[in-house]
Amino acid sequence: MTDTHDTPRTRSLRLGVAGPVGTGKSSVIAMLCRKLNEEFTMGVITNDIYTDEDARFLRSAGVLPSERIRAVETGACPHTAIRDDVTMNLLAVEDLEKDFAPLDIVLVESGGDNLTATFSPALVDAQIFVLDVAGGGDVARKGGPGIARADLLLVNKIDLAEYVEVDVEQMVKDAQSARDGRPVLALSKKMPDTVEALCEWVRQLHAAHSRGVHTPTDPGPMAPHFHATDEGGYEHSHESGDSSGEHAHH
Amino acid sequence: MTPNAALLLLADGRLPAGGYAHSGGFEPTARLQGLNDAAALEDFLEGRVTTSGFVAAAFAAAACAAAHAGNIGRLGQLDPELDARMPSPAVRAVSRALGRQLLRVITRIHPHPVLATLDPHAHQPTVFGAAAASFDLSPQDAALAVLHETITGPASAAVKVLSLDPYEVHSALARLTGLLDELAVRAAAHALDDPDQLPADASPLLDIAAEHHRSWDVRLFAS
């Protein structure tokens with residue numbers, strides 16, 4: 001689905017990072033750049049809502065040469081920029097890949113939005129959805145396209161769990177049951193083993209992408225919707241394995 | 001027969017060409033000039049569409065005519081003339097960014113040889129005119145669609161920037177439809193002008209506002 005004009009030499013692994021405001025997307029990106037920049041050449045595109053604050057944060061963190069961190073302004077529509085109209089982001093990613101070729105990984109940070117915002121497979125090859133314990137232990141159970149079907153779900157800031165009275169184990173269990181076997185990682189920047197697990201996931205994804213065996217999937221965002229019938233209609237969602245309501249969408 | 005459906009496709013704000021991130025100068029103008037109601041928005045839209053909007057429409061019409069004629073040299077002459085009509089570097093940069101985005105979209109959704117002849121960083125009116133020609137639309141169609149976008153972009157931004165009733169905003173757009181049709185006819189009359197003779201109506205306050213806007217730390221829109 002991604003651009004067919006790309007040559008293998010310049011095409012990076014494009015990895016999206018989405019999730020609600022304040023869950024730690026920028027910190028996760030800074031962490032990945034810091035830990036992986038000796039193994040991979042990396043670039044970052046940020047999508048701020050009103051400012052280029054996230055790009056500035058990452059530049060000041062000094063995790064990458066500052067020219068490899070670029071901001072895209074999304075006109076107060078962060079969800080549109082990663083989903084229905086990806087043109088600005090796609091051009092920004094391609095420019096970065098061309099200007100610093102060859103890049104191994106380009107991270108695209110979504111502007112913090114709500115639980116329904118996910119990346120289009122036209123923009124990224126894979127995506128991480130970030131939640132944090134401080135947002136409430138029940139958020140994972142609520143599900144939604146990003147939580148249920150992103151390539152990886154992170155439960156971040158687990159070191160704060162005791163202060164916000166969240167049972168991390170339960171939250172991870174809820175997330176796993178919402179995800180039908182897709183991976184969930186608990187993360188704290190203060191716990192090196194969790195950071196290493198995240199890095200290892202990215203390494204394996206990059207390896208699969210390089211070998212051409214990674215297939216981008218699309219987490220959403222189709223919401224449960226209504227179909228009128230003679231009996232009055234039924235509501236259903238498009239969860240994987242939901243074959244009961246197969247139908248065409250025109 | 002006019003390919004009306006293609007015109008609607010090109011003029012639709014949902015075309016994924018990144019227009020939603022821009023307010024057409026409304027965000028900075030609202031603050032700098034103290035615009036705060038629907039009447040002020042309507043004045044802004046009328047001012048924009050009769051000045052820089054009209055220039056963009058005439059250039060789109062000229063690009064459309066040049067593309068129909070296969071006159072690649074003339075297409076290439078339009079961008080320097082547009083640069084000369086945009087004293088603000090910020091306005092020039094946005095026009096070229098929007099042109100690039102539009103070219104990317106049209107090239108993907110409706111490939112046509114004329115598109116490949118354009119500068120990848122051509123101005124938006126130039127790309128729009130060529131895109132219109134690729135759908136067999138007329139210079140007047142191209143002009144009308146550009147005029148339409150000139151006011152609908154800032155109008156949808158305005159309901160996010162100010163506390164405005166969206167019905168009042170669309171009432172203003174409805175009142176301006178007659179003006180748009182009239183301007184489209186006048187813009188299309190320039191389709192075959194020498195490039196340096198194309199309209200050059202100016203909107204200096206928009207240029208100043210755009211330069212201020214670039215320096216803001218916090219803004220909702222990219223322009």
Side-chain angles (χ1 to χ4, degrees), chain A residues 1-6 10 14 21 45-57 59-60 70-99 108-113 117-124 218 221, chain B residues 12-28 30-31 90 93-94 96-111 115-116 120-122 124 127 131 149 152-162 210 213-223:
Chain A
M1 293 273 255
T2 38
D3 200 301
T4 49
H5 301 296
D6 298 309
T10 58
R14 300 169 181 175
V21 178
I45 302 292
T46 65
N47 282 194
D48 283 300
I49 312 178
Y50 335 107
T51 67
D52 59 352
E53 176 77 24
D54 287 340
R56 284 188 224 178
F57 163 80
R59 287 183 194 122
S60 68
R70 291 186 182 162
V72 166
E73 290 182 82
T74 61
C77 297
H79 47 279
T80 306
I82 62 167
R83 187 81 212 176
D84 350 348
D85 184 347
V86 299
T87 302
M88 284 193 297
N89 271 320
L90 204 51
L91 287 169
V93 170
E94 290 167 358
D95 285 349
L96 203 61
E97 288 176 344
K98 184 161 63 67
D99 294 347
V108 184
E109 178 184 0
S110 158
D113 205 336
T118 57
F119 285 88
S120 163
L123 178 60
V124 298
D218 182 5
Chain B
D12 192 334
R14 289 167 292 192
L15 191 74
Y20 65 91
H22 298 267
S23 78
F26 185 76
E27 183 180 24
R31 190 194 294 179
V94 166
R96 286 185 179 273
L98 288 172
R100 186 183 181 209
Q101 290 164 201
L102 181 61
L103 182 59
R104 172 57 180 266
V105 174
I106 301 296
T107 302
R108 289 296 301 273
I109 68 173
H110 184 68
L115 302 171
H121 296 271
Q124 188 192 30
V127 178
E149 185 181 275
T152 50
S156 19
V159 295
K160 292 180 179 166
V161 170
L162 298 181
H213 199 224
R214 282 316 297 171
S215 69
W216 290 8
D217 276 341
V218 175
R219 55 178 178 255
L220 282 180
F221 290 90
S223 80

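Predicted model, so just to flag it, every value in this text is computed and none were measured. Each chain gets a letter, A, B and so on, in the order the sequences are listed, and its residues count up from 1.
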Interchain contact, B/L15 with chain A, by part (heavy-atom threshold 4.5 Å): backbone
Test salt bridge (charged side-chain N to carboxylate O under 4.0 Å, His left out) applied to A/R56 - qualifying residues, sequence neighbours left out: A/D52, B/D217
Test side-chain contact (heavy atoms from CB on, under 4.5 Å) applied to B/R14 and A/D84, step by step: CA-CA 8 Å; B/R14 289 167 292 192; A/D84 350 348; over 6 Å; no
Minimum heavy-atom distance between A/G75 and B/K160, given as atom pair plus value: O-NZ, 4.2 Å
Side chain to side chain, A/E73 and B/R219, heavy atoms closer than 4.5 Å: yes
Shortest non-hydrogen contact from A/T74 toward B/Y20: O-CE1, 3.4 Å
Chain B contacts, top residue of A/D48, A/V86, A/D95 (heavy-atom pairs, under 4.5 Å): A/D95
Any A/R83 side-chain heavy atom under 4.5 Å of B/P16 side chain: no
For B/H121, ring pair (Phe, Tyr, Trp, His ring centres under 6.0 Å) partners two or more places apart: none
Under 4.5 Å from a heavy atom of chain A, the part of B/V105 involved: side chain
Option in B/G19, B/A17, B/A97 with maximal non-hydrogen atom pairs under 4.5 Å from chain A: B/A17
Minimum-distance pair of heavy atoms, taken over all atoms of A/L91 and B/Q101: CD1-CG, 3.6 Å
A/M88 vs B/R104 side-chain heavy atoms within contact, under 4.5 Å: no
